[in-house]
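These notes concern the structure reproduced below.
Convention: sequence-line order gives letters A, B, ...; per-chain numbering from 1. Just so it is clear, the structure is predicted and the values come from calculations on it, not from any experiment.
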There are 2 protein chains.
Amino acid sequence: MKKKKEVTIYDLAKELNFSPSTISRALNNHKSIGKKTTKEIQKVAAKMGYRPNSIAASLRSNKSKTIGIMISRINRPFVSSLISGVEDAARKADHNVIISQSNDKYENEVKNAKAMYDSRIGGLIVSLAMETNNTDHFQQFADNNIPIVFVDRVPRDFNSYRVIIDNYAAGYRATKHLIDQGCKRIAHFAGAQHVNVYNLRKKGYLDALLENGIEVDENLLVDLETMSFEEGREAMKMLLELDFPPDGIFSSNDTAAVSAILCAKERGVRIPEELAIIGFNDDPISSIVEPSLSTVSHPAMKMGEISTQRILEHSEDNLGSSISEITMLDTEIIVRNSSRRRKI
Amino acid sequence: MKKKKEVTIYDLAKELNFSPSTISRALNNHKSIGKKTTKEIQKVAAKMGYRPNSIAASLRSNKSKTIGIMISRINRPFVSSLISGVEDAARKADHNVIISQSNDKYENEVKNAKAMYDSRIGGLIVSLAMETNNTDHFQQFADNNIPIVFVDRVPRDFNSYRVIIDNYAAGYRATKHLIDQGCKRIAHFAGAQHVNVYNLRKKGYLDALLENGIEVDENLLVDLETMSFEEGREAMKMLLELDFPPDGIFSSNDTAAVSAILCAKERGVRIPEELAIIGFNDDPISSIVEPSLSTVSHPAMKMGEISTQRILEHSEDNLGSSISEITMLDTEIIVRNSSRRRKI
DNA sequence: TTGTACGCGTTATCAA
DNA sequence: TTGATAACGCGTACAA
């Protein structure tokens, strides 16, 4: 019941007749301490059940081995893989990861940024909330030389590290793929346009149409807010009621695309013969739905690892906060049955 | 580039001609400070850009507002929902959440426990690694009155808070459901039997058979190690090659169950007419596969919230570490097409 | 190679 | 209601 008194370097000092500083150095494998003394001290430390207090170390050294990560919501396949990558890399480097969810609300993101700052994290990895349009709440980190890595959903105007995919190229290639399959009337499920990823995917879509001599039909351009299952269904219904319904759909995420497949099937539309569909993200559901959904795969875990690397490098090299290196990763078009009309 | 000096309570004290203690108290809304002074101090603090240093506060007060969570792997639907619940509840109570993945390795779990301890977390939420059979690495927390909540995958012999579902009842009911659908030869995909959840689900399965006059056929009892997609497929193949294949399967997770559905369909087995299947977890894929998979739903998010509550209560009430309250949550059988033979 | 002395930013105790 | 002082556990400049 009673809290045992914890063993500190002072206790070790008394026990071993060394000064606390020697103990401290030995425990950190400092070069100036003899191999033998170091070994001895570490042995006794282990025997006495000494455990370093990283809170005290952080306070003293004014740097914390904690990486903060801010995302919309953990329980989404892309996000949880991203975090998984961050945690793996951070753990290997002996860092902790603290998480916070914005639920895509700007207000939460601001609050969470405050909390992260108050915890004096050593670096921050951020994928913006859907609502976020203003990035002032990240300035405090930059001002104090705490590295920030924006990943996937990044701001347009904040100078910092970025780890992203080429959304424009991915959108272009996804659309081109449908064209190659013989689609002439290609619809697009577009997400909120102030968000970089959706904006660029749409641009890629538009350019692919133009460059392949297909006119853009505004009726086929569906703006969705959250790209949810429900929205996907509504969008599909709407498209099927057009006088000239589409023969292809490029959806900016898999959730809406899967929903569209189910809805179209219910109404007797043959996929991919009458309607070819491609999504985005390679969520697990995309390979399970029938017909299986073609999609664009995102290297989520790798994006997390690289983001962590950026933070660690920055800290090691003692770089200034003005660095804004951009890392752009490849995506891959995964062709499955929802769009495979011809042998490839 | 240069790190701005941060504003501390000393700076505020100088500015306002108060002592640091008064500043500290005012910032924490201590009762002994007048309303007016408190307001004034907080106003100036905000204006000067003061941000509390929770590292220093933790060191001094010897309690940290950080909850550690140890899980197998983040990017699994159940786990990410659990974490999401933890983070939501923690955030509301102004606590941070730090995560660590074991990848189901005992060794990692031990290392991570050390790291958590060194961070002087205020409480720990754990879902055990698949490999874990020994819980000595959690003793350090109990010894120092740091509350531990085991959730879902819990040890049999460690006295502490537990938040679980009634796996036995769930296994029983899932099996009974298949029996009610007319199944006579019901197979079971069982996970590693030293893990409580799999062990109990299997017990429930066995008892359901016995109590309904169905003999247990060892050939239908398939022991899997990781319950992966691949294992599910292999198990299904094996079962279909039996002289008397099953007409029902209760799988301890959805992954293997979905895999079994796909494999059976390939081989021309009609589901649910010839083979009814029920899984466990209600992963997103289970409602997408065709026929949609019946399953047992787990209140993952809620389990996370409750676990967090336990930690917070413990800290508030200053309880001793010998408390071992158990919270058992309800599960729900979700009947979908993979097992719906009769109208219900 | 080791020791001394100080301070990181905060809060708790005691006294006024 | 407020202030002076010490202490939380550690790391490091400086001295020896």
Whole Å only: how far is the [atom1] atom of [X] from the [atom2] atom of [N]?
X       : N      : atom1 : atom2 : value
A/Leu59 : D/dT12 : CG    : C1'   : 14 Å
B/Ile9  : D/dA4  : CD1   : P     : 13 Å
B/Arg60 : D/dA6  : CZ    : P     : 13 Å
A/Glu6  : D/dC8  : CD    : C1'   : 11 Å

Original post:
Are A/His314 and A/Asn145 linked by a side-chain donor-acceptor pair shorter than 3.5 Å?
Top reply: yes
Original post:
Using a distance-only test with no angle check, is there a side-chain donor-acceptor pair under 3.5 angstrom linking A/Ser84 and A/Ser81?
Top reply: no
Subject >> DNA chain D contacts among residues 14-29 of chain A, heavy-atom distance under 4.0 Å >> reply: A/Ser21, A/Ser24, A/Arg25, A/Asn28
**OP:** For DNA chain D, find the residues of residues 38-58 of chain B with a heavy-atom distance under 4.0 Å and give them by number; none if there aren't any.
**Re:** none
Subject >> Test ring-ring contact (aromatic ring centres under 6.0 Å, His included) applied to A/Tyr50 - qualifying residues, sequence neighbours left out >> reply: none
**OP:** Please confirm whether the backbone N or O of A/Val151 pairs with a side-chain atom of A/Ser127, one donor and one acceptor, at under 3.5 Å?
**Re:** yes
List the residues meeting salt bridge (charged side-chain N to carboxylate O under 4.0 Å, His left out) with [X], not counting sequence neighbours, and say none if there are none.
X        : result
B/Glu325 : B/Arg310
B/Arg60  : none
A/Glu131 : A/Lys105

Subject >> chain B footprint on DNA chain C, 5' to 3' - any atom under 4.0 Å from a heavy atom >> reply: C/dG9 to C/dT13
**OP:** Sorted by first residue and then second, give each side-chain hydrogen bond (donor to acceptor under 3.5 Å, both in side chains) pair with at least one member in residues 35-47 of chain B; sequence neighbours left out.
**Re:** B/Asn29-B/Gln42
Original post:
Got a sec, which residues hit side-chain hydrogen bond (donor to acceptor under 3.5 Å, both in side chains) with A/Gln139, two or more places apart in sequence or on another chain?
Top reply: A/Asp143
Original post:
A/Arg76: what forms a side-chain hydrogen bond (donor to acceptor under 3.5 Å, both in side chains) with it, not counting sequence neighbours?
Top reply: A/Ser72, A/Asp104
Original post:
When the C1' atoms of the five terminal pairs at each end define the local axes, what inter-axis angle does the helix from C/dT1-D/dA16 to C/dA16-D/dT1 show, to 10 degrees?
Top reply: 30°
Original post:
Of all heavy-atom pairs between A/Val7 and A/Met48, which one has the smallest distance, and what is that distance?
Top reply: CG2-O, 3.2 Å
**OP:** Sequence neighbours left out, what pairs pass salt bridge (Lys or Arg N to Asp or Glu O under 4.0 Å) with at least one residue falling in residues 80-100 of chain B?
**Re:** A/Arg73-B/Asp88, B/Lys65-B/Asp94, B/Glu87-B/Arg91
**OP:** Please check if the distance between the ring centroids of A/Tyr106 and A/His137 is under 6.0 Å.
**Re:** yes
